[in-house]
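Being a predicted model, the structure only gives us computed values, none of them experimental. In what follows, every chain begins at residue 1, and chains take the letters A, B, ... in the order their sequences are listed. Reckoned from all heavy atoms, side chains included, excluding hydrogens, waters and symmetry mates.
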Protein chains: 2
Amino acid sequence: MLSIGDLSKRTGVKVPTIRYYEQMGLIEAAERSEGNQRRYERHDLERLAFIRHARDLGLDIPAIRELIALSQHPDQPCANADRIAADHLIAVREKLEKLKKLEHELERIISHCDGHSIEDCYVIRALSDHGLCEGEH
Amino acid sequence: MLSIGDLSKRTGVKVPTIRYYEQMGLIEAAERSEGNQRRYERHDLERLAFIRHARDLGLDIPAIRELIALSQHPDQPCANADRIAADHLIAVREKLEKLKKLEHELERIISHCDGHSIEDCYVIRALSDHGLCEGEH
DNA sequence: TCTTGAAGCTCTAGTCACTGGAGGAATTAT
DNA sequence: ATAATTCCTCCAGTGACTAGAGCTTCAAGA
C-alpha cells in the first residue's frame, strides 16, 4: 500500500496532479486509510505510469480517457487506439511545420539586425512591417 | 476612423481579442464615439498588426509589451530587442527538438502495431511499458 | 506515550491568451 | 421608422495543472 507521496515519487507525477487525475476520472478514487488518506496498489502505479507516458507524448486527457477505456476491452480490435495515435501524430507534424517556419523567420530577423539603434532595428521593423517577411504566416 | 469591427477585419484579430489587448495594455485605450464605441486610427492599425505579427511568431504578451516599449525609444540601442528575439529562438528550437522526438516515438509505436486486438496492440502496450521506448523522455 | 514535523486532506483561486454568452445600447441599412 | 447588425460591459469557461490556506493524520524519535 502506497501513500500518495510514495506514488508520486515512483511515477514522477506530482501529488496535486495525482489528485487532479482522480478528479478527471483518469484513475479510480483510491481506497482510504482510517484517517481518510489515499492508499494505492500496484495497478494504480501502472495506470499512472500509463497516463504519464501518454501525457509525455502530448496526448490530452480525453484521448487518454479513451485509451484507458479501450485497454479494458482486450478482445476488441485496436483500430481506435491506432487512430488516436495517428491523429496525434498528424497534429505533432503540423506543429513541427509551424515551428520550423518560426525558426527560420526568427533566424532571418535576428541575422539581419546590425545591433545598433532601435530606429534601424530589423527585429522591430520586421514586426512592424509584414512585407519584410518571407512566405506567409 | 475605424470601428472595432473594421479594425478586426483589417488585421484578422478578433474583436474580443482587441479589447483584451487594450485591457492588457498592449494598445492604448481608444477614443470613443458619442455613443461610447471605440474609434481607431491608422496608428492603431499599425500597432495591432505589430502585435499580431509578434503573436504569430509565438512571442508572449510581456515580451510584446517590452518590444513596444523599446520601439518607442528609437535612439536607444536595440540589443534588448535582439535578446528577446534570440531567447525566443532558443525556446522555439527546444520545442522543435521535443516534438521531433515525439514524432519518432509515435511513428515507431504506430508502425509496430498490427491492428488486431487491443490485447496485442502495440500502442497500448508501449504506453503501459516504458521499457518499450527508444531513448529517454 | 508524547511530541514534533512531515505529509496528508479539502477547497479555492491563479496561470495564459484568449473565447463566448447575456443583456442591453448604439449604429447602419432599408 | 424599423429592423438588422454591431457595439458595449461584465462574467465565466478553456486545459492541465499549480499554489496556498487552514486543518488533520501519520511516523519516528525521546
Side-chain angles (χ1 to χ4, degrees), chain A residues 1-27 29-41 44 47-48 50-68 84 87-88 91-92 95 98 102, chain B residues 1-27 29-41 44 47-48 50-68 84 87-88 91-92 95 98 102:
Chain A
M1 297 294 256
L2 302 168
S3 72
I4 197 168
D6 296 334
L7 190 64
S8 170
K9 270 169 217 145
R10 295 241 212 154
T11 57
V13 179
K14 290 183 186 163
V15 169
T17 306
I18 296 174
R19 290 197 275 249
Y20 171 75
Y21 286 159
E22 179 184 313
Q23 215 184 316
M24 292 298 102
L26 294 189
I27 52 183
E31 287 175 54
R32 300 293 181 119
S33 72
E34 280 189 13
N36 196 34
Q37 300 195 352
R38 290 169 178 82
R39 293 291 174 257
Y40 296 95
E41 297 186 63
D44 296 305
R47 166 71 64 89
L48 194 53
F50 180 102
I51 295 167
R52 171 87 210 266
H53 195 172
R55 285 292 303 131
D56 283 348
L57 289 175
L59 291 161
D60 62 15
I61 283 177
I64 296 172
R65 222 192 313 259
E66 203 176 336
L67 286 173
I68 289 170
I84 290 171
D87 284 354
H88 185 57
V92 165
K95 266 193 206 159
K98 263 195 142 178
L102 286 190
Chain B
M1 297 293 256
L2 303 167
S3 72
I4 196 168
D6 297 333
L7 190 64
S8 170
K9 269 169 217 146
R10 295 241 212 155
T11 57
V13 178
K14 289 184 185 161
V15 169
T17 306
I18 296 174
R19 290 196 275 250
Y20 170 75
Y21 287 159
E22 179 184 312
Q23 215 184 316
M24 293 298 102
L26 294 189
I27 52 182
E31 287 175 53
R32 300 293 180 118
S33 72
E34 281 188 12
N36 196 35
Q37 299 195 354
R38 290 170 178 83
R39 292 293 175 254
Y40 296 95
E41 298 186 64
D44 296 304
R47 166 69 65 88
L48 194 53
F50 180 102
I51 294 167
R52 171 87 211 266
H53 195 174
R55 285 292 301 133
D56 283 348
L57 289 175
L59 291 160
D60 62 15
I61 284 178
I64 296 172
R65 223 192 311 261
E66 203 175 336
L67 286 173
I68 289 170
I84 291 170
D87 284 354
H88 185 56
V92 165
K95 266 192 207 160
K98 263 196 141 180
L102 286 190

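The listed nucleotides are dT19(C), dC18(C), dC9(C); the one nearest the side chain of Ile61(B) is dC18(C). Out of dT19(C), dA16(D), dC8(D), the shortest distance to the side chain of Arg32(B) is found at dC8(D). Of all nucleotides listed (dA17(C), dT19(C), dC9(C)), dC9(C) comes nearest to the side chain of Arg38(A). Considering only the side chain of Arg19(A), dC9(C) comes nearest among dC9(C), dA16(D), dC7(D). The listed nucleotides are dG8(C), dC7(D), dA16(D); the one nearest the side chain of Asp60(A) is dA16(D). In this structure, the nucleotide among dC8(D), dC18(C), dA16(D) sitting nearest to the side chain of Arg55(A) is dA16(D).
In plain terms, the two heavy atoms of Gly5(B) and Val15(B) that are nearest each other are CA-CG2, 4.1 Å.
Atom OH in Tyr20(B) sits about 13 Å away from atom C1' in dT14(D), given to the nearest Å. For the pair Ile18(B) CD1 and dT19(C) C1', the computed distance is 14 Å after rounding to whole Å. Rounded to whole Å, the distance from CG on Leu26(A) to C1' on dC17(D) is 12 Å. The interatomic distance linking Leu7(A) (CG) with dC9(C) (C1') rounds to 16 Å, in whole Å. Put simply, CD on Gln23(B) is 14 Å from P on dA17(C), counting in whole angstrom units. In this structure, Glu22(A) atom CD and dC17(D) atom P are separated by 15 Å, rounded to whole Å. Separating the CD1 atom of Ile64(B) from the C1' atom of dC16(C) is a distance of 12 Å, rounded to the nearest angstrom. Look at CE on Met1(A): it is 17 Å from C1' on dA7(C), rounded to the nearest Å.
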Exercise. Would you give a per-nucleotide map of nucleotides 22-30 of chain C, 5' to 3', where B means the base has a protein non-hydrogen atom under 4.0 Å away, S means only the sugar-phosphate does, and - means neither?
Key: ----SS---
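Phosphate contact (OP1/OP2 of dG8(C), side-chain N/O of Ser3(A), threshold under 4.0 Å): present. Under 4.0 angstrom from either OP1 or OP2 of dA16(D) there lies no side-chain N or O belonging to Thr17(A).
Heavy-atom nearest nucleotides on DNA chain D were determined for Asp6(B) and for Tyr21(A), and the one closer to the 5' end corresponds to Asp6(B). Both Lys14(B) and Gly5(A) lie near DNA chain C, and the one whose nearest nucleotide falls closer to the 5' end is Gly5(A).
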Quiz item: Which is it for Leu48(A) and Tyr40(A) under the side-chain contact (heavy atoms from CB on, under 4.5 Å) test, yes or no, and what are the steps along the way?
Solution: CA-CA 11 Å; Leu48(A) 194 53; Tyr40(A) 296 95; over 6 Å; no
